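Below is one structure; the comments refer to it alone.
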Amino acid sequence: MLFTSGSTGVPKGVAMPHRALANLIGWQNRVPSGAVGGRTLHYAPLSFDVSFQEIFSTLCGGGTLVVADEDQRRDMPALLRLLDEADVERVFLPFVALQQMAEAADALGLVPRRLRVVVSSGEQLRVTGTLRRFLAALPGAVLENQYGPTESHVVTHHSMTGDPAAFPELPPVGRPVDGAQVLVLDARMRPVPPGVQGEIHLGGVCLAQGYEGRDDLTAERFVAHPYGAPGDVLYRTGDLGVVLPGGDIVCTGRADGQVKIRGYRVEPAEVEAAVLAFAADRPGIREVAVVPRRRADGETTLAAFLVGDRDRADTEELRRHLRTVLPSYLVPASLTWTDALPLTPSGKRDDRALAATAPEREARPSGTRPVPGSHEAVLAETLADLLELPADAIGVDDDLFDLGGTSLTAMRLMVTIEQRYGVVVPLSEFIATPTVAGLARRLRSGNAAVAFDPLVPIRPEGDRRPLFMVHPMGGNVLCYVQLARHLPAGQPLYALQAAGADPGCEPRRSVPELAADYIAALRRVQPHGPYTIGGWSFGGFVAFEMAIQLARAGEEVADVVLLDTTVLNPGHRARSDENALLGWFFWELLWLGRGGASPLEAIPAELTTLAEKFDFIADFAARSGVLPPGSSGAVVRRLFRVYEANWNAALEYRPEVPDQDLTLVLAAEPLPEVLLAMHTAGGSRHEDPLNGWRTMTRGRLHAVQVPGNHLSIVEEPHVKHTAEVVGRILDGSAVPSLAGASA
């Protein structure tokens, strides 16, 4: 007997005969995903039908069942370690848990070495970029999408093998398993042609006997088979589907209001009934609507919209009540007040409009605000990102679950903490004290460092003098990874990244501030000169200022390498319009993944607020593979603030003219079209043969030309030549200088 959701709030008991389970196990152990004789993880709760498949397909095939305890089920890093240590070969996971596993493996660099079969069911499988990387690290792995409601368990399957890059983003649910019949029928119970949507009906030995004690409901859902023998029935799933020309079936959604939350089939009406029951003897709430809403991180949660007198209603009491009468996956992640529920032209409630409405987020933490720069500040901002809350909405004593968080939110937070601090916080320990203050105490007990470190050791090995390279305008240092690969053997390269992209730290606002921070960082590697420093584009300004400050401190700077940095005109420099700056930032963000050929993407004109634009950019960048799946507008906001701070710092930078030797590496080709407007707005001297540097120093100016344009000199194939030139400069080898360069 298995229980599933009911629209009245009363669960339905599904009576499943042994023959259905026997048929399923017989089929499962005849196909590759059976992993007969192997080691399978027991992950699903016993109340979930997948648990029977895990247990009996494993034991009937002579395999070993590796049982995860409750703490390990909720703690993805711990579960990953269990899979690796126990040599698990097969897992059954709903998509959200599978995505969490892939994210944790990606963040922690931990892949279960023996895992070879990954089966997903319970909700729509999406093959994300993170999941592709996870599967690519499992040579020969099978990814199988299985489909079936509780009333039948698995009825279709679709297996994927080979290069995960070729897997479809939304795989079909596939074809029927042995003993199952799957039909896609119209409202008159006729098969629909390929490509036409209909309702999925199931038949065969896979079917349940019906709902225990609910003959009326059984008669409604288990209907006479129009094409079968007398007495045969079909189960009306309520799922909509399309048959592809090749025979595979694609599930396209629900015909009713049911949705899947964390693998469980639920009906929002259940939650509405619970809210109205609460409101029956309490003032304030007159109407309620509950709709599913997909967060930026891909998790589907429920959003509740309330109509009534918010001043008389106690929403905190409502939250506490719902947590006592509903399972955790049914508790709404947000409660939003509205004057009236929207209606369609026909007068029906417009749930689609509600789902598109941003949940109400109040920036009023109930606890103390964290101290800037502390563990608490970092954790509060990280948690705000995960919950899509304003940065100042979380107090140190606020309960994550009161704020709309779920166990999946907590799991993501634990992975982020381990990735950033190297401190393992068991999920069970956090759930016992689910607050920023509690987490911060745990980090301090684990001696986690809170300070942002700008120094990135891209290539720390080698016996030569280190080369320190400063970030370009965007603040990140990925552009130097390829450069490092082509430098001479034994040449260390350290990069200097900008503060502000990570939660809990603010960007620096001036070139001298940046330079002072980076000098302090590089001295941890090389306490005294002679130094070799450099930077590409904007990074050249900071490297130049570092040389000035080091010389002022009595240190020797052997060389400053400027990779196509262009000086700004000495006169008035106007600040750029925020929309123009955002457009250039958007392009540079996409360039990280697309390269210099990336077109300038337009931000839709109907988006008027910065928050809307940040959300759009986050979604676009995630779909383009530039940002991780689930990246929020808050992530983009921080990246843009770094870009904006560096842009304004460049405009305000008017340095002294030092007696410092410089090496200028110039791109042979003119600026790409996409950068012209940017450089024109900034007042750059890009038309000067030496990018304006001749008047910036009283020392020697050595200018070298390399193939490519401003962007492609750090991209393949030109970066190899750029690295060779930089290597010869560092070696002191003769590199011909352009005419008019040397003093």
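Because the structure is a prediction, the values reported are computed rather than measured.
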Legend entry - Validation row: Arg641, Arg638 side chains within 4.5 angstrom (heavy atoms): no

Inset, instruction - Could you tell me the separation between the CG atom of Asp453 and the CD atom of Gln497, rounded to the nearest 0.5 Å? - result: 7.5 Å

Inset, instruction - Would you please name every residue forming a side-chain hydrogen bond (donor to acceptor under 3.5 Å, both in side chains) with Ser510, sequence neighbours left out? - result: Glu513

Legend entry - Results of side-chain hydrogen bond (donor to acceptor under 3.5 Å, both in side chains) for Glu652 - residues two or more places apart only: Arg575

Inset, instruction - Please assess Phe544 against Thr565 for the test side chain to side chain contact (heavy atoms under 4.5 Å, CB included), listing each intermediate value before the final yes or no. - result: CA-CA 10 Å; Phe544 182 65; Thr565 303; over 6 Å; no

Inset, instruction - Answer yes or no: is there a side-chain heavy-atom contact under 4.5 Å between Pro164 and Val127? - result: no

Legend entry - Min side-chain heavy-atom separation Phe134-Leu143 under 4.5 Å: no

Inset, instruction - Please report the shortest heavy-atom distance between Trp587 and Leu711, naming the atom on each side. - result: CH2-CD1, 3.2 Å

Inset, instruction - State which residues pass side-chain hydrogen bond (donor to acceptor under 3.5 Å, both in side chains) with His710; sequence neighbours excluded, sorted by chain then number. - result: Ser537, Asp564

Inset, instruction - Output the distance between atom CG (Leu306) and atom CG (Leu341), rounded to the nearest 0.5 Å. - result: 9.0 Å

Legend entry - Any donor-acceptor N/O pair, Asn569 side chain to Gly683 backbone, under 3.5 Å: yes

Legend entry - Partner residues of Val243 under the side-chain contact (heavy atoms from CB on, under 4.5 Å) criterion, sequence neighbours left out: Val184, Ile249

Inset, instruction - Would you give the length of the straight line joining atom CD of Glu381 to atom CD of Glu376, rounded to the nearest 0.5 angstrom? - result: 14.0 Å

Inset, instruction - Enter the distance from Leu125:CG to Asn145:CG here, rounded to the nearest 0.5 Å. - result: 4.5 Å

Legend entry - Approximate separation, where rounding is to 0.5 Å, of Gln197 CD and Leu240 CG: 4.5 Å

Inset, instruction - Answer whether the closest heavy-atom distance between the side chains of Gln99 and Thr130 falls below 4.5 Å. - result: yes

Legend entry - The single option from Trp536, Tyr480, Tyr518 passing ring pair (Phe, Tyr, Trp, His ring centres under 6.0 Å) against His471: Tyr518

Legend entry - Non-neighbouring partners of Phe640 that pass ring-ring contact (aromatic ring centres under 6.0 Å, His included), sequence neighbours left out: Phe585, Phe614

Inset, instruction - Quick one: list whatever passes side-chain hydrogen bond (donor to acceptor under 3.5 Å, both in side chains) with Glu199, sequence neighbours left out. - result: none

Inset, instruction - Output all residues satisfying side-chain contact (heavy atoms from CB on, under 4.5 Å) with Ala104, sequence neighbours left out; order by chain, then residue number. - result: Met76, Leu80, Val415

Legend entry - Contacts of Glu687 that satisfy salt bridge (charged side-chain N to carboxylate O under 4.0 Å, His left out) - sequence neighbours left out: none

Legend entry - Backbone N/O of Ala166 and side chain of Asp163: donor-acceptor pair under 3.5 Å: no

Inset, instruction - For Phe541, enumerate each residue passing the ring-ring contact (aromatic ring centres under 6.0 Å, His included) test, keeping only those at least two apart in sequence or located in another chain. - result: none

Inset, instruction - Could you tell me whether the side chain of Asn709 and the main chain of Glu669 form a donor-acceptor pair under 3.5 Å? - result: no

Inset, instruction - Take Leu639 and Ile617, measure what side chain to side chain contact (heavy atoms under 4.5 Å, CB included) needs, and give me the verdict at the end. - result: CA-CA 11 Å; Leu639 293 173; Ile617 292 172; over 6 Å; no

Inset, instruction - Write down the atom of Val242, the atom of Thr252, and the distance for their closest heavy-atom approach. - result: CG2-CG2, 4.0 Å

Legend entry - Those residues that, when tested against Ala580, pass side-chain contact (heavy atoms from CB on, under 4.5 Å) (two or more places apart): Asp577, Trp584

Inset, instruction - Of all the heavy-atom pairs spanning Ala650 and Val511, show the shortest one and how long it is. - result: N-CG2, 4.5 Å

Legend entry - Evaluation steps, side chain to side chain contact (heavy atoms under 4.5 Å, CB included), between Leu610 and Glu578: CA-CA 10 Å; Leu610 272 178; Glu578 190 173 62; 3.6 Å; yes

Legend entry - CG on Leu170 to CZ on Arg126, rounded to 0.5 Å: 7.5 Å

Inset, instruction - State, with a plain yes or no, whether a side-chain heavy atom of Ile458 is found less than 4.5 Å away from one of Met469. - result: no

Legend entry - Minimal non-hydrogen separation, Leu302 against Pro268, with atom names: CD2-CG, 4.5 Å

Inset, instruction - Using a 4.5 Å cut-off on heavy atoms from C-beta on, say whether the side chain of Asn646 contacts that of Pro507. - result: no

Legend entry - Under 3.5 Å: donor-acceptor pair, side chain of Arg685, backbone of Val567: no

Inset, instruction - With the side chain counted from C-beta on, respond yes when Val477 and Leu496 share a heavy-atom pair under 4.5 Å apart, and no when they do not. - result: no

Legend entry - Residues, nucleotides or ligands: over 12 heavy atoms within 6.0 Å of Arg654 CZ: yes

Inset, instruction - Taking all heavy atoms of Met160 and all of Pro168, pick out the closest pair and write down the distance. - result: SD-CD, 4.0 Å

Inset, instruction - Would you please name every residue forming a salt bridge (charged side-chain N to carboxylate O under 4.0 Å, His left out) with Arg132, sequence neighbours left out? - result: none

Inset, instruction - For the residue pair Leu676 and His686, establish whether any side-chain heavy-atom pair is separated by less than 4.5 Å. - result: yes

Inset, instruction - Give a yes or no answer on whether the side chain of Arg573 reaches the backbone of Tyr653 with a donor-acceptor pair at less than 3.5 Å. - result: yes

Inset, instruction - Evaluate the side chain to side chain contact (heavy atoms under 4.5 Å, CB included) criterion for residues Phe95 and Thr128: first the C-alpha distance (whole Å), next the side-chain angles of each, then the deciding distance (0.1 Å), finally the verdict. - result: CA-CA 10 Å; Phe95 164 69; Thr128 63; 4.2 Å; yes

Legend entry - With Asp248 via salt bridge (charged side-chain N to carboxylate O under 4.0 Å, His left out) - residues at least two apart: Arg175

Legend entry - Non-hydrogen atoms of Leu562 and Gly540 that approach each other most closely: CD2-O, 3.5 Å

Legend entry - Donor-acceptor contact below 3.5 Å, side chain Glu272 vs main chain Val290: yes

